[in-house]
Amino acid sequence: MNHLGQVVNSVKERRRRDPLSRRVVKASRLHELLHYLAGHTKPMGNTHPTPAPAPNHHPVSPTTRGFQWSSGPQVTTAKDVPPEFLIKLAKILVGKSLAEDNIDGITKCVFNKYVCKTCEPLGERLFRYLIKHWQHEAADPPTSHGGDQCAADEDNVLSSAAFTAASNYLMALITDSQQLEFYIKVYAGDQEKINKGDVFDLISATHQVSTCTQRTCCVPDDILMAVVNGAMHGKESINTKYLHSWLSQHCPRLLMWLHRNIIHILTVGYRTIPDNTEEKEDDRDTPILDCPGKSSCVSLHPALIWLLTCSLPILYTKPAQKKALPSSNDLLLDPHVFIDRMILAVSPTHWVPLYNSDDHGLSINRLQHHVFGYHGATLMFIMAEGDNMFCVANDQEWRDSKHFWGGEHSLCLHLTPEYKIIESGAKILYFNVTSRGFPTGLQVGLDSTNRALTLDLNLTLVTYRKIPYKLHSLEVWGCSTAEVKEAQLDIKKREVKDVEGRRKVKVNSSDWLDNPDRYLIELAGTRPSYAQYDNPPPEASGTK
């Protein structure tokens, strides 16, 4: 009996002997069977000797066919197969390092110049972290070229393999929590605690990368330091896990723009670096102030707006568009409609001023006049003594009521000198002016014994956690679309027309003679007109 018959008989014998759960063929025996079948052209049942294969015909081994035996599912991780654009980018950076620094590998200067060009301090820290954790994956140590005496230090040069592996790992960081954890480790140096200076450098780097195209009127160190003060609680160092938890609660999108910028360079760098061009992202969520006033340069600094976008819900930074979206069939037929829809989805929000106490007067009536009727989300900025600044984010229309109101996206923040969210949730807002027997003014918070923030009816005093502060000024900004502001202006115009219409009452004597009110007055025995006393009727003739 030939070799094939032996294999088949062995399989049949094992099936009869072993139970059903143990009917497993060894990999070696299966390999032999596949090898035998690959070298024969006749059916399996043929018992005659088969001819030898042709001289030019070579049996195909299981490895060349791609067959692999495994006891479980074969999982291929992302780091095993880096994308093609990362491989191209690594080759380009190696070429730049060879041309500029005469070193085979990716130098720190080239990495900062082309990968982290918007923030050099971030590039230095990130480069050291990649050297520490991914340099061991490099196949060959970097070497110098040419006749120059260039000592290529492995601690200052990143290999191509290490760069692609680290870049592939960065692109796998999807959630905000993963990104935050990674960059905290970068600035903490894999230590359990991070000091105050490193926390400030991290926040400063995120601000620099996020607002690299904006021109600020002054250095925002005091605004960024407010975040550090809120996280550190007066300590010089804190645990990295606590910092991760604090930033996730108070600034959940702090590192969104920084990570987007790095991923953007990693994905398009192989096209832009050789041509020395730039492809900027259009997805900017930072709002733009529409017609800022004179005081806006101080109260609403661009760094402060950026911090708010890291903490506020998307409702305040990217409200839903009122424009009707086309159907799915239209999107398939017309690609321009689809592109227009995508542009509208990522267009920046314009915050419009509704009320400014410096321009409109510090009064509760003036506040109601300019803010009420705006059917959209608003932000109220309260400036008090001691450089204290608060923000009340309201996701509903302002109302005068004796009940608490507000949606689930309502919150109250302490901006300076410590940045943090002090209250959030539904029905945390209270504003009463007209209802008697109930507290008046503005109140924020669910705890009736310890409100987060209160504002008296005269707009003179702000109380934060039972600590009073003198009120300096108020500002209210609308965060919805331009159509909402136009609708508010239309309501104001109609109110003015109604008031003017009620003032103009046409009184005509002929209309009064036929008026039913005059008939009722005569029946009551009251004089119908004062004119009869001014001109009494003449006496009858013949009387003395």
Side-chain angles (χ1 to χ4, degrees), residues 75 77-80 82-83 86 111 115-116 118-137 158 162-210 224-233 235-267 281 283 285 306-314 419-421 424:
V75 180
T77 57
K79 66 179 182 179
D80 296 333
L86 286 181
F111 184 85
V115 179
C116 296
T118 56
C119 184
E120 185 176 353
L122 170 65
E124 293 181 355
R125 288 181 179 263
L126 186 59
F127 187 82
R128 290 199 303 265
Y129 191 83
L130 300 186
I131 287 286
K132 180 179 179 181
H133 290 273
W134 277 276
Q135 185 61 37
H136 64 276
E137 297 184 6
L158 188 66
F163 175 80
T164 53
S167 301
N168 206 22
Y169 176 81
L170 283 174
M171 297 185 66
L173 301 177
I174 304 300
T175 63
D176 295 336
S177 178
Q178 293 175 347
Q179 300 169 12
L180 186 60
E181 181 181 1
F182 174 78
Y183 290 103
I184 288 178
K185 289 182 180 179
V186 171
Y187 275 82
D190 288 330
Q191 300 296 325
E192 294 185 359
K193 290 189 175 182
I194 182 172
N195 57 41
K196 189 174 183 179
D198 292 335
V199 175
F200 179 80
D201 292 341
L202 173 60
I203 299 173
S204 179
T206 57
H207 171 262
Q208 184 176 350
V209 174
S210 304
L224 301 182
M225 187 56 68
V227 184
V228 180
N229 296 334
M232 301 298 294
H233 300 286
K235 298 181 179 180
E236 293 298 327
S237 63
I238 57 175
N239 192 282
T240 55
K241 293 183 178 180
Y242 174 78
L243 179 62
H244 180 275
S245 177
W246 191 92
L247 291 177
S248 299
Q249 179 182 358
H250 299 275
C251 302
R253 293 183 301 278
L254 179 68
L255 297 170
M256 181 177 63
W257 291 276
L258 183 146
H259 189 70
R260 279 185 181 182
N261 182 270
I262 294 178
I263 297 302
H264 176 72
I265 296 175
L266 294 178
T267 51
E281 290 183 289
D283 191 0
D285 296 335
W306 169 74
L307 279 178
L308 288 174
T309 57
C310 297
S311 304
L312 294 174
I314 303 298
Y419 185 90
K420 58 184 176 181
I421 298 176
S424 63

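Not measured: the values here are computed from a predicted model. The figures that follow rest on heavy atoms only: side chains count, while hydrogens, waters and symmetry mates do not.
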For this session: Would you list the pairs meeting salt bridge (Lys or Arg N to Asp or Glu O under 4.0 Å) in which at least one residue belongs to residues 169-192, sequence neighbours left out?
Result: Lys132-Asp190, Glu181-Lys185
Seminar exercise, completed: So the salt bridge (Lys or Arg N to Asp or Glu O under 4.0 Å) pairs with at least one residue in residues 238-257 (sequence neighbours excluded) are none
Would you name the heavy atoms of [X] and [Y] that are closest together and state the gap between them?
{"X": "Ala188", "Y": "Ile194", "answer": "CB-CB, 4.0 Å"}
{"X": "Val209", "Y": "Leu258", "answer": "CG1-CA, 3.9 Å"}
{"X": "Ala231", "Y": "Tyr242", "answer": "O-CE2, 3.5 Å"}
{"X": "Ile203", "Y": "Thr206", "answer": "O-OG1, 2.6 Å"}
{"X": "Gln191", "Y": "Thr240", "answer": "O-CG2, 3.4 Å"}
{"X": "Leu86", "Y": "Ser167", "answer": "CD2-CB, 3.7 Å"}

Rounded at 0.5 Å granularity, tell me how far [atom1] in [X] sits from [atom2] in [Y].
{"X": "Leu312", "Y": "Leu307", "atom1": "CG", "atom2": "CG", "result": "10.0 Å"}
{"X": "Ser424", "Y": "Gln249", "atom1": "OG", "atom2": "CD", "result": "8.0 Å"}
{"X": "Ile184", "Y": "Leu243", "atom1": "CD1", "atom2": "CG", "result": "4.0 Å"}
{"X": "Ile265", "Y": "Cys116", "atom1": "CD1", "atom2": "SG", "result": "6.5 Å"}
{"X": "Cys251", "Y": "Met256", "atom1": "SG", "atom2": "CE", "result": "12.0 Å"}

For this session: Ignoring hydrogens and angles, tell me if any N or O in the side chain of Gln208 forms a donor-acceptor pair with the backbone of Thr118 under 3.5 Å.
Result: yes
Could you tell me whether the side chain of [Y] reaches within less than 4.5 Å of the side chain of [X], counting heavy atoms only?
{"X": "Val227", "Y": "Trp246", "result": "yes"}
{"X": "Phe163", "Y": "Trp134", "result": "no"}
{"X": "Leu158", "Y": "Gln135", "result": "yes"}

For residues 119-128, run the donor-acceptor check on the side chains, cut-off 3.5 Å, and write out each pair with its distance to 0.1 Å, sequence neighbours left out.
{"from": "Arg125", "atom 1": "NH1", "to": "Tyr187", "atom 2": "O", "distance (Å)": "3.3"}
{"from": "Arg125", "atom 1": "NH2", "to": "Asp198", "atom 2": "OD1", "distance (Å)": "3.0"}
{"from": "Arg125", "atom 1": "NH2", "to": "Asp201", "atom 2": "OD2", "distance (Å)": "3.3"}

Please list, chain by chain and in numerical order, all residues satisfying side-chain hydrogen bond (donor to acceptor under 3.5 Å, both in side chains) with [X], sequence neighbours excluded.
{"X": "Ser311", "value": "Tyr419"}
{"X": "Ser177", "value": "His244"}
{"X": "Tyr169", "value": "none"}

Exercise. Considering residues at least two apart in sequence or located in another chain, which fulfil the salt bridge (charged side-chain N to carboxylate O under 4.0 Å, His left out) criterion with Lys196?
Worked result: none
For this session: Apply salt bridge (charged side-chain N to carboxylate O under 4.0 Å, His left out) to Lys193 and list each qualifying residue two or more places apart in sequence or on a separate chain.
Result: none
For this session: With sequence neighbours left out, write down each residue that passes side-chain contact (heavy atoms from CB on, under 4.5 Å) with Gln178, or none if nothing qualifies.
Result: Leu173, Ile174, Thr175
Exercise. Partners of Tyr183 by ring-ring contact (aromatic ring centres under 6.0 Å, His included), sequence neighbours excluded?
Worked result: His259
Exercise. Of all residues at least two apart in sequence or in a different chain, which pass the ring-ring contact (aromatic ring centres under 6.0 Å, His included) check with Phe200?
Worked result: none
For this session: On the 0 to 90° scale, with breaks at 30° and 60°, tag the Trp306-Trp257 ring pair as parallel, tilted or perpendicular.
Result: tilted
For this session: Check the pair Ile262, Leu266 against side-chain contact (heavy atoms from CB on, under 4.5 Å), reporting the backbone distance first and the verdict last.
Result: CA-CA 6 Å; Ile262 294 178; Leu266 294 178; 4.2 Å; yes
